[in-house]
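One structure is given below, encoded as structure tokens.
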Amino acid sequence: MAHGRFVSFEGIDGCGKSTHAARIAKHFEKMGFEVAFVRDPGSTRLSEEIRALLLDPKNSDMARECELLLYEAARAQLVAEVIKPALRRGAWVIADRFFDSTTAYQGGGRAIDAAFIKGANELGSLGVVPDLTFILDLPVEEAARRRGEDSDRIELEGGSFAETVREAYLALAEAEGKRVCVIDASGSEDDTFAQVVEVLRARFGRKRA
Ligand code: TMP
């Protein structure tokens with residue numbers, strides 16, 4: 001049976017991962033592959049409704065455990081409804097965030113116990129693991145500058161929260177060097193994109209990437 005490939009993009013808010021995930025999705029489409037481009041949380045009706053709850057600054061009283069479970073709930077629906085069927089069809093799945101965001105934000109940023117995060121991630125992802133994960137890394141101040149003014153509930157946490165999230169991402173890359181690749185995103189958009197394409201080619205071959 002055909003089985004597709006799953007590539008996820010990660011990083012602190014303002015790192016440029018959404019731009020690069022979208023560019024890579026287009027890149028694969030141009031090469032003639034079927035692509036499922038998704039954002040987590042989101043990309044299904046239910047997951048988008050959960051996303052709106054999660055990001056609404058009005059919900060500033062949300063308990064961190066509620067936050068964790070809502071991210072996992074949104075992800076479970078996304079995997080069941082979109083990601084698993086796409087992989088079964090042999091498509092490329094390109095994801096703007098996946099369970100590593102939970103490790104970095106709820107595990108790092110919110111300091112929820114690592115064992116809970118691991119179990120929750122296994123449940124929320126229905127056991128699906130990306131083949132390759134990019135962390136677009138850049139200093140917190142530069143990310144804040146690129147992000148501009150508008151802030152959702154998580155972005156309102158500010159600089160030291162983002163610093164903790166960044167550190168958690170870098171620790172994750174150390175621990176899972178085979179799957180997780182850190183890209184220096186402090187240069188131009190084209191420079192970052194070239195690095196991403198190079199890693200994809202090295203991993204999957206020129207014909208496939
Ligand atoms: P986005 O704006 O990059 O799509 O992400 C939405 C926000 O949700 C962003 O601030 C990161 C945060 N987030 C978590 O805290 N935990 C998660 O598991 C995910 C997927 C996102």
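Keep in mind that what you see is a predicted model, and the values were worked out from it rather than measured. Note that ligands are numbered from 1 as they come in the structure, with each ligand's atoms numbered from 1 the same way.
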Checklist entry - In the hydrophobic cluster built from side-chain contacts under 4.5 Å, what are the other members alongside Val35? => result Val7, Phe9, Ile24, Phe28, Met31, Phe33, Phe37, Trp92, Ile94, Leu132, Phe134, Leu136, Ile183, Phe193, Val196, Val197, Val199, Leu200, Phe204
Item to check | Positive for side chain to side chain donor-acceptor pair (under 3.5 Å) with Tyr105, one of Arg110, Arg97, Glu157 | outcome: Arg97
Item to check | side chain to side chain contact (heavy atoms under 4.5 Å, CB included) partners for Ala91, two or more places apart | outcome: Glu34, Ala86
Next on the checklist: Between Arg75 and Glu72, does any NZ, NE, NH1 or NH2 come within less than 4.0 Å of an OD or OE carboxylate oxygen?
Outcome noted: yes
Item to check | Sequence-distant partners of Arg51, salt bridge (charged side-chain N to carboxylate O under 4.0 Å, His left out), two or more places apart | outcome: none
Checklist entry - If you count only heavy atoms, which residues are under 4.0 Å from ligand 1? => result Asp13, Lys17, Asp40, Pro41, Arg51, Leu55, Tyr71, Arg75, Arg97, Ser101, Thr102, Tyr105, Gln106, Ile154
Item to check | Close side-chain approach of Ile154 and Leu55, heavy atoms under 4.5 Å | outcome: yes
